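Heads up: the structure comes next, in structure tokens.
All values derive from a computational prediction rather than experimental measurement. Atoms within a ligand are numbered from 1 in the order they appear, just like the ligands themselves.
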Amino acid sequence: MPPESGVSTRADLNALPNYVPGRSVPGAIKLASNEVPGGPLPSVAAAIADAAAAINRYPDMGAWALVDRIAREVGMPADQVSVGCGSVSVCQQLVQALCGPGDEVVFAWRSFEAYPIVTQVAGAVPVTVPLDSGHRHDLDAMLEAITPKTRLVFVCNPNNPTGTAVRADELREFLDRVPANVLVALDEAYREFVTDPEVPDGLTLYLGRSNVAVLRTFSKAYGLAGLRVGYAVAPEHVTAALRKVFVPFSVNAIAQVAAIASLDAKDELLARCAEITAERTRVRDGLLAAGYEVPETQANFVWLPLGERTTEFAEHALSRKIVVRPFAGDGARVTIGTAEENDLFLEAARTFTR
Ligand SMILES: *Cc1c(COP(=O)(O)O)cnc(C)c1O
């Protein structure tokens with residue numbers, strides 16, 4: 001037994017929920033973390049292998065080649081682009097860059113489970129606004145939740161875990177009404193899976209506004225979840241602040257080159273996304289036909305609002321070697337996989353006694 005430690009850690013961390021990752025169960029199909037099923041493209045794998053030969057050196061601290069490449073991709077100046085170790089880190093950087101103790105961060109709930117964590121770790125106060133009865137952001141209620149202490153609002157579009165998306169007209173009206181000193185972060189981790197033309201590309205809303213940021217990631221459509229890189233497009237002075245709170249070198253050398261290679265292979269990767277969105281329709285239709293409620297989804301997953309039966313559903317799926325992501329008492333999120341995986345999932349869903 002080690003001696004009892006007299007070191008005290010921050011008491012408020014005891015009340016903080018842990019981030020619950022999707023489970024990996026050996027031999028089972030993982031539909032729990034919104035990853036894409038395809039492995040790296042040959043061109044990306046080659047760039048990774050090349051970079052691996054030089055990992056005795058520190059990465060480019062500012063990831064300048066990647067920042068420039070992203071800037072070119074999104075058509076914005078490089079001084080409005082910053083990167084992070086996954087966009088979850090970018091979320092954390094935003095809170096750290098904008099909020100002091102007691103400042104408020106508004107977001108919908110249920111939404112991305114990292115929001116309350118990164119908010120509280122930074123000593124800021126989460127203000128959650130329930131989704132509406134259609135599992136969608138209630139933008140009017142979010143507007144009402146803004147107080148003089150609010151510094152930041154996250155709008156997750158499409159929303160994780162419900163897949164629902166807000167439309168251009170309602171989002172534009174919302175942005176017009178948010179006070180100019182409050183930053184709205186449009187978290188578009190699933191942007192590449194959006195097929196509804198009414199769901200806006202956040203970059204079009206970013207243009208001409210000084211209190212909007214757009215967050216994107218290489219983890220989902222670009223297939224680099226294991227490498228950890230995401231980015232923000234934000235006003236210049238916000239970008240400068242994000243760079244100040246960036247943990248030095250936290251976007252590693254392999255992630256930097258892989259992200260560039262992935263942008264260079266964008267067409268191939270987006271073609272894969274089209275297969276996933278076609279499967280998404282098939283999976284949702286199958287679930288609806290089996291009698292499930294499934295909100296319309298614009299992401300690479302479906303949401304099953306099963307309430308108290310959520311855990312049971314996840315256990316049933318696991319008994320058939322399929323791992324979904326349950327949010328106990330609320331619902332299960334199921335990632336769209338390959339056609340074969342989706343068939344097995346649909347079969348599991350059909351055999352769940354309801
Ligand atoms: C997956 C996800 C992210 C980012 O993931 P990283 O792997 O950290 O880039 C950000 N926001 C939402 C809503 C997500 O679902």
note = For H137 and V166 the tightest heavy-atom approach is CB-CG1, 3.7 Å
task = Starting from the C-alpha separation in whole Å, work towards a yes-or-no answer on salt bridge (Lys or Arg N to Asp or Glu O under 4.0 Å) for D267 and R272.
result = CA-CA 9 Å; D267 293 347; R272 287 180 170 184; over 6 Å; no
query = Got a second to check how far H135's NE2 is from S133's OG, nearest 0.5 Å?
reply = 7.5 Å
task = Hey, could you give me the CG/CD1 distance between N18 and I117, rounded to the nearest 0.5 Å?
result = 7.0 Å
Sole candidate of R191, E192, E198 that passes side-chain contact (heavy atoms from CB on, under 4.5 Å) when paired with V194 = R191
task = Please determine, by modelled atom types, if Y190 and N34 share a side-chain donor-acceptor pair under 3.5 angstrom.
result = yes
Could you list, one pair per line, each nitrogen or oxygen of ligand 1 together with any protein nitrogen or oxygen closer than 3.5 Å, giving atom names and the distance rounded to 0.1 Å?
unit_1   : atom_1 : unit_2 : atom_2 : d
ligand 1 : 7 (O)  : S219   : OG     : 2.5
ligand 1 : 7 (O)  : R228   : NH1    : 2.7
ligand 1 : 7 (O)  : R228   : NH2    : 3.2
ligand 1 : 8 (O)  : S87    : N      : 3.2
ligand 1 : 8 (O)  : V88    : N      : 3.0
ligand 1 : 8 (O)  : R228   : NH2    : 2.7
ligand 1 : 9 (O)  : S87    : N      : 2.6
ligand 1 : 9 (O)  : S87    : OG     : 3.4
ligand 1 : 9 (O)  : T217   : OG1    : 2.5
ligand 1 : 9 (O)  : S219   : OG     : 3.3
ligand 1 : 11 (N) : D187   : OD1    : 3.2
ligand 1 : 11 (N) : D187   : OD2    : 2.7
ligand 1 : 15 (O) : N160   : ND2    : 2.8
ligand 1 : 15 (O) : Y190   : OH     : 2.6
ligand 1 : 15 (O) : K220   : NZ     : 3.2

